[in-house]
Asker: 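Pasting a structure here, questions to come.
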2 protein chains.
Amino acid sequence: MQTATTEQAPTELKLSGNRKAVYMLMQQQQRALSAYEIIDLLRPQIGRIIHPMLVYRCLDFLLEKQLVVKLVSVNKFVALPNDLTEPGQCLICEICQAVTFSASSNPLQQQKRKIAATGFKLNQQPVEFHGICASCQKDHTE
Amino acid sequence: MQTATTEQAPTELKLSGNRKAVYMLMQQQQRALSAYEIIDLLRPQIGRIIHPMLVYRCLDFLLEKQLVVKLVSVNKFVALPNDLTEPGQCLICEICQAVTFSASSNPLQQQKRKIAATGFKLNQQPVEFHGICASCQKDHTE
DNA sequence: TCGTGATATGTTATATTATCACAATTCGTG
DNA sequence: CACGAATTGTGATAATATAACATATCACGA
Ligand SMILES: [Zn+2]
Ligand SMILES: [Zn+2]
Ligand SMILES: [Zn+2]
Ligand SMILES: [Zn+2]
């Protein structure tokens, strides 16, 4: 029923069916979602029950294409901001779950080189820092 | 039946019953274990079925006392090396699962200060880097 | 020593995250 | 169209984690 193209993805990528639906949802939401949150958000859009396997398969594909990343420390998935050219880092608030991406700044790049020099080959995922964001700190002291 | 003291923990800490058993196991193993691996390893020692809840409660306690850390990116737990004075960092091999702790070296400390300066309050867990260890790289090229 | 509240343990059930296995359908291309 | 490859559909199950409530043990003052 649906054609299998998309105009949103970078570099003229074609996504079809479920993959397109999952990726577009993730781009709209711009926050970390669990696979099951994706299922819940997708159901009303698609109008039928969506099986976990289906979502995990779409996520696997999108991960391979580096369109999304898995935040391994919280078991959630998020669309990669288009302006990030390297995996960089992200800050994850343990209270409100907000996720803030940025490029690796100098010290982190230095640290990564240092690790690489020991023979350990880092993967291409963002380094995940955990803590409490400024806004949640305010909430707790007022 | 068992008395409730231990002589292994740093700073004269008393652990009783299950907590002691879990902590001693983790110190012996010196590798990252899932809660369910702990259950399986503990059963023969204790001689009865150990419920997940029990192990998770012990882990919660040990986490609070900072005797163990949770590697949030792999959902495993590991006894904190006694010589680590700050949370530091760890390298996790995605093939063999080896985990190597070390103190934060300068660039990482600098990075942490930089993050703190933005108002984000980092927690006290090690920063987890993922990749492939030197030994596993050799295995793949030979 | 006994009573009492706090702490720790025992147990069942359930929630959350993720993968396996196999069938059916659709797609791309000669 | 025909064919194999890629994608989707579906049920079952594994792996990780927490909720809820009952019971037992400990600590310590009366
Ligand atoms: Zn927050
Ligand atoms: Zn709060
Ligand atoms: Zn390895
Ligand atoms: Zn291999």
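Quick note on labels: first sequence line is chain A, next is B, and so on, each numbered from 1.
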Asker: For a quick check under 3.5 Å, do B:Gln111 and A:Gln110 share a side-chain donor-acceptor pair by atom type?
Answerer: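 No, no side-chain donor-acceptor contact under 3.5 Å.
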Asker: When you measure only distances, ignoring hydrogens and angles, does the side chain of A:Tyr36 come within 3.5 Å of the base of C:dA18 through a donor and an acceptor?
Answerer: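 A donor-acceptor contact between them is present.
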Asker: Got a donor-acceptor pair under 3.5 Å from the side chain of A:Arg48 to the base of D:dG9?
Answerer: no
Asker: Could you pull out all residues at least two apart from A:Lys112 that satisfy side-chain hydrogen bond (donor to acceptor under 3.5 Å, both in side chains)?
Answerer: A:Ser104
Asker: On DNA chain C, nearest-nucleotide positions of A:Phe77 versus B:Cys58: which is more 5'?
Answerer: B:Cys58
Asker: Both B:Lys76 and B:Met53 contact DNA chain D. Which one's nearest nucleotide lies toward the 5' end?
Answerer: B:Lys76
Asker: What closest approach, in Å, do B:Ser34 and B:Lys76 show between heavy atoms, and which atom pair accounts for it?
Answerer: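 Closest approach of B:Ser34 to B:Lys76, heavy atoms only: N-CG, 3.9 Å.
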Asker: Rounded to whole Å, how long is the line connecting atom CZ of B:Arg57 with atom C1' of D:dA17?
Answerer: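 Distance check: B:Arg57 CZ to D:dA17 C1' gives 13 Å.
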Asker: In whole angstrom, what separates B:His51's NE2 from D:dA15's P?
Answerer: 19 Å
Asker: A:Leu71 CG to C:dT17 C1': how many Å, rounded?
Answerer: 15 Å
Asker: Determine: side-chain N/O of B:Asn75 to OP1/OP2 of D:dA17, distance under 4.0 Å, yes or no.
Answerer: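 Yes, B:Asn75 has a side-chain N/O under 4.0 Å of OP1/OP2 on D:dA17.
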Asker: I need the NZ-P distance between B:Lys20 and C:dA8, as an integer number of Å.
Answerer: 15 Å
Asker: Could you state the CG-P distance from B:Leu15 to D:dC26, rounded to the nearest angstrom?
Answerer: 15 Å
Asker: Find out whether B:Val74 and B:Ile92 are in side-chain contact, i.e. whether some heavy atom of one side chain is under 4.5 Å from a heavy atom of the other.
Answerer: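 Yes, their side chains come closer than 4.5 Å.
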Asker: Quickly work out the B:Phe61 CZ to C:dT7 C1' distance and round it to whole Å.
Answerer: 10 Å
Asker: Could you state the atom-to-atom distance from NZ of A:Lys70 to C1' of C:dA18 in whole Å?
Answerer: 8 Å
Asker: Of the listed nucleotides (D:dA20, D:dT8, C:dT17), which one gets closest to any side-chain atom of A:Arg19?
Answerer: D:dT8
Asker: Measure from the side chain of A:Tyr56, starting at C-beta and using heavy atoms only, and say which of C:dT11, C:dT19, C:dA21 lies closest.
Answerer: C:dT19
Asker: Expressed as a whole number of angstroms, how long is the span from B:Leu59:CG to D:dT16:C1'?
Answerer: 12 Å
Asker: Is the backbone of A:Ala32 close enough, under 3.5 Å, to the side chain of A:Gln97 for a donor and an acceptor to pair up by distance?
Answerer: no
